Peer 1: 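Here it is: the structure, laid out below.
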Protein chains: 2
Amino acid sequence: MKMSRVMQCAPERRRADVNAGWYRALPSRKPHLVTRVNSALYAEPVIATSEDVARRAGVSRATVSQILNGRGQRFAVETRERVTQAASELEYQPSAAGRTLAKGSSDIVIAVIPYTTFGGNLQDIFQTATEELATRGLTLLLHLATDSTAPLDRVVTGMKPRAVISLTPFSRAELDLLKSRGVLAFDPQSASSKVRTDPNVDIGALQARYLVDRGYESLVFAHLQDARLDPFGEGREEGVRRVCTEHGLPEPMIIRLGIDPDDALAAIDSIKLPGAGVVCYNDDVATALLSAATIRGWKVPDEVGFIGMDHTPLSAVTLPPLSTVGYDQRAAAYNLITAALHGLGESVDDREPMDVKFALVPRGTA
Amino acid sequence: MKMSRVMQCAPERRRADVNAGWYRALPSRKPHLVTRVNSALYAEPVIATSEDVARRAGVSRATVSQILNGRGQRFAVETRERVTQAASELEYQPSAAGRTLAKGSSDIVIAVIPYTTFGGNLQDIFQTATEELATRGLTLLLHLATDSTAPLDRVVTGMKPRAVISLTPFSRAELDLLKSRGVLAFDPQSASSKVRTDPNVDIGALQARYLVDRGYESLVFAHLQDARLDPFGEGREEGVRRVCTEHGLPEPMIIRLGIDPDDALAAIDSIKLPGAGVVCYNDDVATALLSAATIRGWKVPDEVGFIGMDHTPLSAVTLPPLSTVGYDQRAAAYNLITAALHGLGESVDDREPMDVKFALVPRGTA
DNA sequence: CTGAAAGCGCTTACAG
DNA sequence: CTGAAAGCGCTTACAG
């Protein structure tokens with residue numbers, strides 16, 4: 001197999017201070033990356049070190065470090081300016097490895113992404129988080145959870161992240177690992193002391209209460225069944241149960257389906273109709289069931305009702321459009337980050353907790 | 001704002017070799033992470049260094065390094081065993097920072113995730129990639145692209161990743177940055193020398209040809225319009241154009257819409273019907289248009305046809321189910337990783353390029 | 001107000 | 001077959 005267009009050549013370490021007029025001798029050992037294609041095309045990459053900055057500013061590396069890390073109050077203004085100036089002229093970026101080694105922990109925050117079914121919101125949430133953390137000098141990197149925690153261990157132990165965060169609760173195994181490796185960990189359980197209960201219970205209850213208000217007297221909870229983990233379903237189901245109890249309704253019927261026409265038809269056929277209101281795990285589940293109900297000739301929302309969760313874009317274009325629950329994803333991410341910053345000892349005085357605002361979006365299916 | 005359940009306390013550096021019976025003195029400087037909650041609850045984390053391993057195995061750190069990095073052939077079998085044994089007993093994980101500093105580049109590969117609309121496949125793809133790279137001792141971490149390349153610069157310059165990869169072409173700015181920082185970069189353009197043309201052109205052509213075969217004589221291309229970048233739409237449109245030319249059909253009409261009922265209705269109303277075949281950017285767009293056409297009373301697929309792209313789970317449960325194009329995401333990821341490994345100088349003799357197998361999924365909408 | 005020195009954990013010639 | 005030593009780039013007491 002031939003590969004083409006390797007876009008970069010090996011970095012040459014060389015004197016970054018071009019004004020100085022000479023180049024640091026190349027290290028005698030061979031650079032580790034030796035692939036070199038079209039090297040003539042590219043200017044030799046130049047990576048400045050704190051030593052380069054120090055030399056250009058005419059100070060010591062210690063001084064550079066102090067000033068660039070915000071402990072520069074005690075230095076002469078003039079010195080400070082020379083240093084920051086030199087740093088920006090050289091496009092100086094401190095080496096994470098060097099800092100990590102010296103300080104014992106890096107400026108990296110790792111977000112663990114569970115193997116679970118997220119909406120397209122995931123990206124938005126972490127985008128926001130990336131930017132927020134960047135303003136604090138922290139770098140957010142995502143790590144996809146795998147079956148074993150071995151890769152997580154590599155990341156955590158190897159990179160010494162400042163913290164590990166997750167939008168879903170950590171598994172027992174993850175918690176143990178993080179603990180034994182001495183890493184700060186934050187998940188929704190730790191995000192806010194206000195949240196005493198699993199928010200999923202509230203979500204399920206919100207969905208169920210809506211259906212009850214609309215007159216459905218027998219409730220169904222439809223789980224999503226796929227290869228992935230489901231950290232939310234249990235809580236949602238519990239919320240539905242509570243509402244049934246509250247209103248003296250019979251226990252909810254529990255069904256499970258994948259996003260698949262046969263699954264959906266079987267699920268619909270298993271429900272006692274007409275008259276049921278179906279609380280769905282998410283909008284995808286609701287969409288599948290809606291189609292199945294339509295195929296079977298049930299009238300929606302008169303003979304059967306559905307409520308989804310997530311307020312996905314597609315939920316607006318089903319026929320009829322899906323009743324669902326929306327929420328402010330940014331707020332969810334914001335709260336997680338706030339908790340993490342707080343735990344990291346950063347000041348969060350300016351960060352009021354945001355209301356995630358779970359809210360009904362009443363539309364055509366219930 | 002009060003935070004609760006900070007799950008970990010600060011790591012204590014201490015002697016990992018518990019058998020030795022004493023603890024390395026704590027460093028006199030304060031550990032950087034000072035937050036300490038419920039520390040009594042947790043065993044003090046123990047992080048072994050190569051020195052600990054060396055001591056326990058009764059060899060030098062140099063020897064440990066050689067053996068653990070696969071350059072141990074020349075050592076006595078007995079020595080090798082003592083070392084690997086000691087390493088596993090201590091749960092030794094080499095410090096990424098230390099290695100990076102010593103070697104000049106880390107074992108990290110960064111995948112840049114563009115701010116674009118992906119299917120839920122993204123996760124699967126990178127999951128696979130994470131595992132594949134792990135078997136080579138490389139750690140995959142995801143970085144979300146932001147408007148500015150500053151965060152990328154921090155990551156790249158700070159972490160000295162072995163390579164930066166992306167499933168979509170890098171932007172000019174990203175390329176310049178990567179180049180100037182001397183980092184190996186791989187994107188689909190560099191993934192395979194066999195791919196002379198943008199695969200998106202082929203995809204668009206595949207969709208269009210299918211519609212032509214089914215008898216639609218005027219084609220429409222429906223772009224997805226949202227806040228995100230669209231690295232694919234241009235190529236797909238071009239593919240449709242070529243097919244029109246090939247078959248002597250008029251130029252395709254171009255429409256744009258978000259996943260929104262009003263957008264979709266307006267889009268449908270702007271098309272000359274009956275008789276058009278609509279090549280859709282993805283299954284979501286197709287779903288939105290399908291609903292709009294149904295609302296307007298057009299018969300699908302007789303009066304208007306739709307073909308989506310992605311073969312999402314939801315595409316199976318629309319009414320009628322969506323005709324679409326599927327492909328092997330794993331193959332796409334596999335090829336990208338192969339290219340990256342090759343460029344990294346790893347042996348890829350055992351990695352035949354995989355066929356991504358774009359394939360029609362004929363169903364009910366065309 | 002500033003710098004010399006030590007040390008973080010690793011790897012790599014090099015010497016034996 | 002194995003180890004002593006230097007060095008990667010940074011930060012932090014400490015001394016002046």
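Owing to the predicted nature of the structure, the values given are computational and were not obtained by experimental measurement.
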Peer 1: For dA15(C), which nucleotide is its Watson-Crick or G-U wobble mate, given both distances must be under 3.5 Å?
Peer 2: dT2(D)
Peer 1: Could you tell me how far apart Arg55(B) (CZ) and dG9(C) (C1') are, to the nearest whole angstrom?
Peer 2: 13 Å
Peer 1: Nearest to the side chain of Ala76(B) - dT11(C), dT2(D), dT12(D)?
Peer 2: dT2(D)
Peer 1: Whole Å only: how far is the CZ atom of Arg99(B) from the P atom of dT11(C)?
Peer 2: 5 Å
Peer 1: Using a cut-off of strictly less than 4.0 Å, decide whether Thr63(A) has a side-chain nitrogen or oxygen near OP1 or OP2 of dT2(C).
Peer 2: no
Peer 1: Counting heavy atoms from C-beta on, name the nucleotide in dG9(D), dC1(D), dT12(D) closest to the side chain of Phe75(B).
Peer 2: dC1(D)
Peer 1: Select base, sugar-phosphate, or nothing to describe what Ala97(A) touches, counting heavy atoms under 4.0 Å on all strands.
Peer 2: nothing
Peer 1: Nearest whole Å is fine: how far is dG9(D) P from Gln66(A) CD?
Peer 2: 20 Å
Peer 1: Calculate the interatomic distance between Gln73(B) atom CD and dT2(D) atom P; express it in whole Å.
Peer 2: 13 Å
Peer 1: Over all heavy atoms of both residues, which pair between Glu78(B) and Arg82(B) is shortest? Give the atoms and the distance, please.
Peer 2: OE1-NH1, 2.8 Å
Peer 1: Using a 4.0 Å heavy-atom cut-off across all strands, classify Arg80(B) as base, sugar-phosphate, or nothing.
Peer 2: nothing
Peer 1: Which part of the nucleic acid does Val64(A) contact within heavy-atom distance under 4.0 Å: base, sugar-phosphate only, or nothing?
Peer 2: nothing
Peer 1: Measure the distance from CD1 on Ile67(A) to P on dT11(D) and round it to the nearest whole Å.
Peer 2: 12 Å
Peer 1: Please confirm whether the backbone N or O of Met159(A) pairs with a side-chain atom of Ser106(A), one donor and one acceptor, at under 3.5 Å?
Peer 2: yes
Peer 1: Decide whether Thr338(B) and Asn335(B) meet the rule of one side-chain donor and one side-chain acceptor closer than 3.5 Å.
Peer 2: no
Peer 1: Look at Thr79(A) and dT2(C) and indicate whether a side-chain polar atom (N or O) is within less than 4.0 Å of OP1 or OP2.
Peer 2: yes
Peer 1: For Asp107(B) and dT11(C), what is the distance between atoms CG and C1' respectively, to the nearest whole Å?
Peer 2: 12 Å
Peer 1: Report the nucleotide, chosen from dG9(D), dT12(D), dT12(C), that has the shortest atom-to-atom distance to any side-chain atom of Ser95(A).
Peer 2: dG9(D)
Peer 1: Taking only side-chain N and O atoms of Ser60(A), does any of them lie within less than 4.0 angstrom of OP1 or OP2 on dG3(C)?
Peer 2: yes
Peer 1: Expressed in angstrom and rounded to an integer, what is the separation of Arg82(A) atom CZ from dC1(C) atom C1'?
Peer 2: 12 Å
Peer 1: Assess whether a salt bridge exists between Arg136(A) and Glu132(A), defined as any Lys/Arg side-chain N lying under 4.0 Å from an Asp/Glu carboxylate O.
Peer 2: no
Peer 1: CG of Leu90(B) versus P of dG9(C): gap in Å, rounded?
Peer 2: 14 Å
Peer 1: Ignoring hydrogens and geometry beyond distance, is a side-chain donor-acceptor pair present between Asp153(B) and Thr157(B) at under 3.5 Å?
Peer 2: yes
